[in-house]
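A short write-up of the structure that comes next.
No experiment lies behind these values; they were computed from the predicted model shown.
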Amino acid sequence: QVQLVESGGDLVQPGGSLRLSCAASRRLFSINRMGWYRQAPGKERELVAGITAAGSINYAESVKGRFTISRDNAKNMVYLQMNSLKPEDTAVYYCNANVRLPEPSDYWGQGTQVTVSS
């Protein structure tokens with residue numbers, strides 16, 4: 001079991017910035033991949049950014065150049081820096097942990113609301 005707690009969601013104006021944080025209950029080196037997903041009402045949950053234990057990073061095309069995923073292994077923390085926010089970024093953002101051992105499993109945080117509106 002991996003417990004994940006997100007924080008940092010807020011109401012922000014277009015063009016503004018936010019940093020989301022995810023605190024994990026396990027050491028990040030034991031987690032295959034940490035990721036950020038988002039889901040807007042009536043839409044499918046989509047991957048925003050992911051980072052593997054080896055450090056490989058991938059982003060959704062819609063956020064490339066604007067969002068940055070990072071981690072602090074010593075603190076078991078993963079972050080998502082979001083810049084140049086757009087109204088279409090409005091969604092509930094979820095932290096995800098994909099674990100391979102002792103068995104393949106996915107864990108999710110409770111979500112944090114990001115609203116981009118003027």
| message | If hydrophobic clusters are built from ILVMFWY residues whose side chains come within less than 4.5 Å, do Tyr79 and Val114 share one? | response | no
| query | Within a reach of under 6.0 Å around CD of Glu88, are more than 12 heavy atoms found that belong to other residues, nucleotides or ligands? | reply | yes
| query | Quick one: does Ser21's side chain get under 4.5 Å of Met77's, heavy atoms only? | reply | yes
| query | Are Leu11 and Ser117 side-chain neighbours, meaning at least one heavy-atom pair lies under 4.5 Å? | reply | yes
| query | Which residues pass the salt bridge (charged side-chain N to carboxylate O under 4.0 Å, His left out) test with Arg66, sequence neighbours left out? | reply | Asp89
| said: Side chains of Leu80 and Glu6, heavy atoms from C-beta outward: is any pair under 4.5 Å? | reply: no
| message | Within the structure provided, determine whether Asn96 and Arg45 are in side-chain contact (heavy-atom separation under 4.5 Å). | response | no
| task | Looking only at non-hydrogen atoms, find the nearest pair between Gln39 and Lys43 and report the distance. | result | NE2-O, 3.1 Å
| field | Cluster check Val99, Leu28: I/L/V/M/F/W/Y, side chain < 4.5 angstrom | value | yes
| Going only through I, L, V, M, F, W and Y residues with side-chain contacts under 4.5 Å, is there a path from Val5 to Leu20? | no
| said: For the OG1 atom of Thr68 and the CE atom of Met82, what is their distance to the nearest 0.5 Å? | reply: 11.0 Å
| query | Does a donor on one side chain and an acceptor on the other come within less than 3.5 Å for Gln3 and Ser25? | reply | yes
| query | Can you tell if the side chain of Asn73 reaches within under 4.5 Å of the side chain of Arg27, non-hydrogen atoms only? | reply | no
| field | Backbone N/O of Glu103 and side chain of Ser105: donor-acceptor pair under 3.5 Å | value | yes
| request: Kindly determine whether Thr90 and Arg38 satisfy side-chain contact (heavy atoms from CB on, under 4.5 Å), including the steps that lead there. | output: CA-CA 9 Å; Thr90 296; Arg38 67 186 181 188; over 6 Å; no
| remark: Students should find that the hydrophobic cluster of Val92, defined by side-chain heavy atoms under 4.5 Å apart, otherwise consists of Tyr37, Leu47, Tyr94, Trp108
| request: State whether the side chain of Arg33 and the backbone N or O of Ser56 hold a donor-acceptor pair below 3.5 Å, judged by distance alone. | output: no
| note | disulfide bond (SG atoms under 2.5 Å apart) pairs touching residues 7-66, sequence neighbours excluded, are Cys22-Cys95
| query | Are any non-hydrogen side-chain atoms of Arg26 and Asn76 less than 4.5 angstrom apart? | reply | no
| request: Calculate, to the nearest 0.5 Å, the distance between atoms CD1 and CD1 belonging to Ile51 and Ile31 respectively. | output: 11.5 Å
| request: Kindly indicate whether the side chain of Ile69, heavy atoms from C-beta on, has any atom under 4.5 Å from the side chain of Met34. | output: no
| query | Out of curiosity, does Val12 fall in the hydrophobic cluster containing Val48 (side-chain heavy atoms, cut-off under 4.5 Å, transitive links)? | reply | yes
| request: Output, in order, the C-alpha distance, side-chain angles, deciding distance and verdict of side-chain contact (heavy atoms from CB on, under 4.5 Å) for Phe67 and Leu85. | output: CA-CA 9 Å; Phe67 291 11; Leu85 283 162; 3.8 Å; yes
| note | Interatomic distance, OG1@Thr52 vs CG@Asn58, rounded to 0.5 Å, equals 9.0 Å
| note | Shortest non-hydrogen pair, Ser17 vs Ser84, comes out as OG-N, 4.3 Å
